[in-house]
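Fair warning: this is a prediction, and the values are worked out from it, not measured in the lab.
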Amino acid sequence: MVRVWQNPDQYIVKQGKNEPFIEYMEDDDWEYTGENGDGLLFVNKKGNVTSAIGVRSFTKYYTLIFLNKLKHPL
């Protein structure tokens, strides 16, 4: 995983290899709950907040992850 931009944070991971990003989020007190059509879903362990993290194919081999932490109450 490589951080490529700040504000909003953007990361690049190998296509289909989201585990480093999921571990990063879990270290920041977020719990991975699955995927939806647009990205990865996380729930904050300290509150009733969910976050949909956007993902987009960047190249044939890499995925771009947008960490803007769009927060939505459950």
Exercise. Can you name the side-chain contact (heavy atoms from CB on, under 4.5 Å) partners of Glu31, sequence neighbours left out?
Worked result: Lys45
Exercise. Tyr32: what forms a ring-ring contact (aromatic ring centres under 6.0 Å, His included) with it, not counting sequence neighbours?
Worked result: Phe42
Exercise. Roughly how far apart are Arg56 CZ and Leu64 CG, rounded to 0.5 Å?
Worked result: 5.5 Å
Problem set entry | Thr59: side-chain contact (heavy atoms from CB on, under 4.5 Å) partners, not counting sequence neighbours | Tyr61, Tyr62
Exercise. Taking all non-hydrogen atoms of both residues, which atom of Gln15 and which atom of Lys60 are closest, and how far apart?
Worked result: NE2-O, 3.5 Å
Problem set entry | CG on Asn18 to OG1 on Thr63, rounded to 0.5 Å | 6.5 Å
For this session: Please check if the distance between the ring centroids of Tyr11 and Tyr24 is under 6.0 Å.
Result: yes
For this session: Would you please name every residue forming a ring-ring contact (aromatic ring centres under 6.0 Å, His included) with Phe58, sequence neighbours left out?
Result: none
For this session: Give, for atom CD1 of Ile53 and atom CD1 of Ile22, the distance between the pair rounded to the nearest 0.5 Å.
Result: 11.0 Å
